[in-house]
2 protein chains.
Amino acid sequence: MKNTRIPDETIRRLPLYLRGLQFFADQELTNVSSEKLADFLHISAALIRKDFCYFGDFGTRGVGYDVQTLVKQIREILKLSTPRKAILVGAGNLGRALLAYPGFAAYGFEIVAAYDSDPEKIGTKINQTLILDIKTLSKLKRDGIGLAIIAVPAEVAQSVADLIIKSGIRGILNFAPTYLSVPKRVKVISIDIAIELGRLPYYLESE
Amino acid sequence: MKNTRIPDETIRRLPLYLRGLQFFADQELTNVSSEKLADFLHISAALIRKDFCYFGDFGTRGVGYDVQTLVKQIREILKLSTPRKAILVGAGNLGRALLAYPGFAAYGFEIVAAYDSDPEKIGTKINQTLILDIKTLSKLKRDGIGLAIIAVPAEVAQSVADLIIKSGIRGILNFAPTYLSVPKRVKVISIDIAIELGRLPYYLESE
DNA sequence: CCTTAGCTGTGCAAAATATCACAAGTATTT
DNA sequence: AAATACTTGTGATATTTTGCACAGCTAAGG
């Protein structure tokens with residue numbers, strides 16, 4: 001199985017598995033079956049097993065998976081084992097909320113700087129992070145910073161992306177509601193709140 | 001084509017199409033082809049046409065689609081035409097950012113109240129919205145409120161969901177990183193920042 | 001040691017989704 | 001009015017993703 005192409009959907013689920021495993025680890029359980037994990041996450045056990053089996057034999061037949069070992073292996077696959085420095089661009093409402101978001105640390109992300117273009121904001125501190133002038137952004141790679149979170153208005157998102165890519169950013173988590181055109185070596189993952197919101201009413205039963 | 005099952009993926013793209021059409025409307029364009037829209041959104045033109053064709057004949061062969069008409073029809077499909085009242089539960093960092101988020105209004109959502117359990121926050125105002133005690137949450141349906149945005153910690157998300165569903169909520173936009181168990185008549189759409197974040201490093205080229 | 005119960009790994013089938021390719025209709029030009 | 005250039009709508013095909021079912025390994029109990 002090891003030489004098959006790994007579906008994107010599988011990669012998407014790996015962080016979900018980490019969360020599920022954390023739940024079992026918190027309960028002092030050392031072993032978990034695909035079925036238990038499936039019940040907790042509300043996906044099928046076969047899918048979980050298939051996902052794991054793309055990467056090798058993680059479990060023991062008749063027994064299940066060792067929680068800690070599995071966590072380690074998934075983190076390895078996702079390349080979460082090495083800590084990564086990130087910057088935040090855009091210190092608006094969403095940006096400020098993200099600065100306080102505890103989830104980053106869980107994956108070894110450290111937000112080392114925040115940037116904005118508003119003179120009112122520049123120089124102020126949010127959650128111990130100083131807001132810097134976006135014009136001073138350059139040569140991030142020199143400081144070992146490879147990731148960026150974009151939380152700016154859609155109109156300026158592309159120019160921000162261009163700028164930070166030039167400075168060495170290779171991974172972007174984009175909250176701006178727009179497509180970002182980037183070189184192949186750069187990966188963009190977009191979270192679009194409006195898109196999710198816009199399809200909610202469709203599913204409402206019209207009483 | 002009208003009697004085929006409509007793929008979820010199609011529904012997911014409809015709000016995206018609205019965004020694209022807005023772009024062309026802003027340029028005073030009255031007509032747009034599937035190809036133009038496809039170029040802007042970076043998806044295939046055939047896919048766009050197929051998506052539309054599930055709902056009927058929206059375009060004119062040799063011509064394209066009338067921007068305004070198409071907007072109206074998509075909004076109709078997504079049930080965005082009728083304004084909807086929503087509440088926000090959880091006035092933490094993310095909750096407060098969401099209160100200021102302009103995207104809700106664009107889809108006819110009006111956040112009429114915010115709830116929290118923290119005595120420090122209750123009674124204060126954020127963006128003209130008063131924070132109310134979550135204990136006072138009841139009988140929302142009576143006031144015509146059908147949607148809720150959950151932005152509370154994962155540990156309490158399920159109990160919040162249970163509570164608001166009892167009060168009449170039928171649609172939930174969930175930001176808590178957990179599965180919500182709800183009756184069939186209730187629709188949950190989850191946005192999970194950590195999950196998206198966790199898979200970003202996987203795609204980084206290891207130099 | 002044998003039997004039974006449990007669980008993984010995975011080939012194969014099924015379902016869901018996306019792409020292709022072109023007939024059919026529209027506008028424009030000559 | 002005929003030829004040309006566009007563009008949609010959609011059946012057919014390809015690809016991607018998920019589910020099924022069971023062989024094969026493990027552990028425990030008698």
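Computed from heavy atoms alone, side chains included, the values below leave out hydrogens, waters and symmetry copies. Because the structure is a prediction, the values reported are computed rather than measured. Quick note on labels: first sequence line is chain A, next is B, and so on, each numbered from 1.
If you take OH of Tyr65(A) and C1' of dG6(C), they are 13 Å apart, rounded to a whole angstrom. Going from atom CD of Glu35(B) over to atom P of dC20(C) covers 12 Å, rounded to whole Å. In this structure, CG of Asp66(B) is placed 15 Å from C1' of dT26(C), rounded to the nearest angstrom. Rounded to an integer number of Å, the gap from Ile43(B) CD1 to dC20(C) P is 14 Å. The distance between atom NZ of Lys36(A) and atom C1' of dG6(C), rounded to the nearest whole Å, is 11 Å. Atom CG in Leu37(A) sits roughly 10 Å away from atom P in dT8(C) (whole-Å rounding).
A donor atom on one side chain and an acceptor atom on the other are not found under 3.5 Å apart for Asn174(A) and Tyr179(A). At a cut-off of 3.5 Å, with distance as the only test, a side-chain donor of Ser34(A) or Arg49(A) sits close to an acceptor on the other residue. For the residue pair Asn127(B) / Tyr101(B), no side-chain donor-acceptor distance below 3.5 Å is found, with atom types taken as modelled.
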Report all interatomic pairs (protein N or O, nucleotide N or O of nucleotides 16-20 of chain D) with separations under 3.5 Å.
residue : atom : partner  : partner atom : Å
dT17(D) : OP2  : Arg5(A)  : NH2          : 3.3
dT18(D) : OP1  : Arg13(A) : NH1          : 2.9
dT18(D) : OP2  : Arg13(A) : NH1          : 3.1
dT18(D) : OP2  : Arg13(A) : NH2          : 2.8
dG19(D) : OP2  : Ser44(A) : OG           : 3.2
dG19(D) : O6   : Lys50(A) : NZ           : 2.6

Dump the pairs, protein N or O against N or O of nucleotides 25-30 of chain D, anything under 3.5 Å, distances to one decimal.
residue : atom : partner  : partner atom : Å
dT26(D) : O4'  : Arg61(A) : O            : 2.7

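As judged by a 4.0 angstrom heavy-atom cut-off over every strand, Phe52(A) is placed among residues making no nucleic acid contact.
Remark: of the listed residues Tyr17(B), Phe58(B), Phe52(B), Phe52(B) is the sole one forming a ring-ring contact (aromatic ring centres under 6.0 Å, His included) with Tyr65(B).
Gln158(A) places a side-chain N or O within 3.5 Å of a backbone atom of Ser181(A) that can act as its donor or acceptor partner. When atom types are taken as modelled, the side chain of Asp116(B) and the backbone of Ala91(B) share a donor-acceptor pair closer than 3.5 angstrom.
Between Asp192(A) and Arg19(B) there is a salt bridge, since a side-chain N of the basic residue sits under 4.0 Å from a carboxylate O of the acidic one. With respect to Glu76(A) and Lys79(A), no salt bridge is recorded, no charged nitrogen being found less than 4.0 Å from a carboxylate O.
Using a 4.0 Å cut-off, some side-chain N or O of Ser34(B) falls inside it from OP1 or OP2 of dT8(D).
Listed in residue order, the members of residues 186-200 of chain B having a heavy atom less than 4.0 Å from DNA chain C come to none.
From Lys85(B), atom NZ reaches atom CG of Asp143(B) across 7.0 Å, with rounding to the nearest 0.5 Å.
Put simply, the side chain of Leu14(A) does not reach to within 4.5 Å of the side chain of Arg199(B), judged on heavy atoms.
In this structure, Phe23(B) and Phe40(B) have parallel ring planes: the angle between them is below the 30° cut-off, well short of the 60° mark.
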